[in-house]
S.K.: 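Sharing a structure with you now.
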Amino acid sequence: MCVNDLVVQGAEPLFFLDYFATGKLDVETGRRIVAGIAEGCKQAGCALIGGETAEMPGMYAAGDYDLAGFAVGAVERDRIVTGETVKQGDVVLGLASTGVHSNGYSLVRRVVERSGCAFDAPAPFEPGVSLGEALLRPTRIYVAAALAACRSDTVKALAHITGGGLIENPPRAVPKDCAFRIDATRWKLPPVFRWLMTSAGIAPLELARTFNCGIGMIAVAAPDDAAIALDHFRRSGIEGWPIGEIAARDGDEPAVTLTGTESWRR
């Protein structure tokens, strides 16, 4: 949800607007969708102030619909989280995701197709839950926990792990002369990602380039502040771990080095 992209700058989400388009409105489907959006806004502490519902016959197949939305937030200029104070030796904290988190679904669909599993069949990696339910578990909203950490001045940078996974997202949060050294043995790869990896023979590095792999948000803190920042997240119900450190980056060196991914195969 885009409120996670606001909070990485230290901004508090104020309101959200949605856009729902379909060929012919099914009232029950629309009701469930808006209820889900409202729940997300409630978790983020922002208002759902309106939106648009559009019927466009001929543009969508029966049962198909299109969703979009945006959020507006605010932060005082002197409280914006820019990451510019991040330096060598700072601690990289990984915050647990709830699953796939709205990214990489083109690949997810291909993996499911190749596996021969049906979306309404039991998930091979999670007893008692259908495959579709497990793959579509709602994205975790980090707003309350991240704002608490920002207001305590214990976090220097935040990165929401979306498309591009653990490889392409973290560098956006720090200066160009900083590099992330992340150790994949510091957290356990969730079963959904292990299933995706083994079912389709996806290399661990490519998995990390596409998915969050269990880390939905990354925070950077000074060594003396890392434990305090983690405590803010954990008190908000979000598990987190020290997963690496910031190193100096010289020239064309990779912005993210991910080691220990062979542990994901075990």
Side-chain angles (χ1 to χ4, degrees), residues 1-6 13 15-44 46-72 97-143 160-165 169 190-202 206-207 209-214 216:
M1 194 174 185
C2 59
V3 290
N4 284 330
D5 299 318
L6 282 173
F15 58 84
F16 185 88
L17 290 96
D18 66 89
Y19 171 77
F20 173 48
T22 186
K24 180 176 175 56
L25 178 64
D26 178 85
V27 174
E28 177 57 23
T29 298
R31 185 194 68 78
R32 292 173 62 192
I33 289 170
V34 173
I37 295 171
E39 174 59 26
C41 289
K42 181 179 178 181
Q43 291 182 26
C46 68
L48 176 60
I49 65 172
E52 180 179 354
T53 300
E55 283 189 314
M56 295 187 284
M59 288 292 293
Y60 298 91
D64 286 355
Y65 56 86
D66 188 20
L67 285 175
F70 72 93
V72 172
S97 69
T98 51
V100 182
H101 277 202
S102 309
N103 291 285
Y105 277 98
S106 295
L107 180 54
V108 168
R109 289 194 297 271
R110 291 292 300 273
V111 173
V112 173
E113 181 182 348
R114 289 183 57 176
S115 73
C117 295
F119 285 107
D120 58 357
F125 51 86
E126 188 172 342
V129 177
S130 72
L131 179 59
E133 289 173 325
L135 293 172
L136 290 174
R137 186 160 282 126
T139 299
R140 169 165 274 156
I141 295 176
Y142 297 90
V143 171
H160 185 207
I161 308 304
T162 56
N169 286 283
V192 60
F193 297 110
R194 188 183 302 275
W195 180 79
L196 289 167
M197 180 179 67
T198 57
S199 294
I202 302 171
E206 190 59 32
L207 192 79
R209 197 182 303 277
T210 306
F211 301 109
N212 66 64
C213 299

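Worth knowing before you read on, the calculation uses all heavy atoms, side chains too, and leaves out hydrogens, waters and symmetry mates.
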S.K.: Could you tell me which non-hydrogen atom of Cys213 sits nearest to which non-hydrogen atom of Leu207, and how far apart they are?
M.R.: SG-O, 3.6 Å
S.K.: Any chance you could measure Ser97, atom OG, to Asn212, atom CG, to the nearest 0.5 Å?
M.R.: 3.5 Å
S.K.: Just how far is it from atom CD of Glu206 to atom CE of Met197, taken to the nearest 0.5 Å?
M.R.: 13.0 Å
S.K.: Of the non-hydrogen atoms in His101 and Arg140, which two are nearest, and what is the gap between them?
M.R.: NE2-N, 3.2 Å
S.K.: Output all residues satisfying side-chain contact (heavy atoms from CB on, under 4.5 Å) with Leu25, sequence neighbours left out; order by chain, then residue number.
M.R.: Phe20, Thr22, Thr53, Glu55
S.K.: I want to check something: taking the side chain as every heavy atom from C-beta on, are Val112 and Leu135 in contact at a cut-off of under 4.5 Å?
M.R.: yes
S.K.: With a 4.5 Å heavy-atom cut-off, do Trp195 and Ser115 have their side chains touching?
M.R.: yes
S.K.: Quick one: do Phe70 and Leu17 satisfy side chain to side chain contact (heavy atoms under 4.5 Å, CB included)? Show the steps, please.
M.R.: CA-CA 6 Å; Phe70 72 93; Leu17 290 96; 3.7 Å; yes
S.K.: Spell out, as yes or no, whether a donor-acceptor pair under 3.5 Å connects the side chain of Thr98 to the backbone of Pro138.
M.R.: yes
S.K.: Taking all non-hydrogen atoms of both residues into account, name the closest pair between Ala134 and Ala123 and its distance.
M.R.: CB-CB, 4.2 Å
S.K.: Identify the heavy atoms of Cys41 and Leu48 that sit nearest to each other, and give their distance.
M.R.: SG-CB, 4.0 Å
S.K.: Enter the distance from Leu67:CG to Tyr19:OH here, rounded to the nearest 0.5 Å.
M.R.: 10.0 Å
S.K.: Got a donor-acceptor contact below 3.5 angstrom from the Asn4 side chain to the Tyr142 backbone?
M.R.: yes
S.K.: Take atom CE of Met59 as the centre, draw a 6.0 Å sphere, and report whether it contains more than 12 heavy atoms from other residues, nucleotides or ligands.
M.R.: no
S.K.: Is any side-chain heavy atom of Leu131 closer than 4.5 Å to a side-chain heavy atom of Pro124?
M.R.: yes
S.K.: Could you give the distance from CG (Asp18) to CD1 (Ile37), rounded to the nearest 0.5 Å?
M.R.: 4.0 Å
S.K.: Measure the spacing between CZ of Arg110 and CD1 of Ile202 and express it to the nearest 0.5 Å.
M.R.: 11.0 Å
S.K.: How far does NZ of Lys42 sit from CD1 of Ile141, to the nearest 0.5 angstrom?
M.R.: 12.0 Å
S.K.: How about Tyr65: does its OH atom have over 12 heavy atoms from other parts shown lying under 6.0 Å from it?
M.R.: no
S.K.: Mark yes or no for whether Asp66, through its side chain, and Ala21, through its backbone, hold a donor-acceptor pair below 3.5 Å.
M.R.: no
S.K.: Between Val111 and Ser199, which heavy-atom pair has the shortest distance, and what is it?
M.R.: CG1-CB, 3.9 Å
S.K.: With a 4.5 Å cut-off on side-chain heavy atoms, are Pro13 and Val143 touching?
M.R.: yes
S.K.: Is a side-chain N or O of Asn103 found less than 3.5 angstrom from the main chain of Phe211, in a donor-acceptor match?
M.R.: no
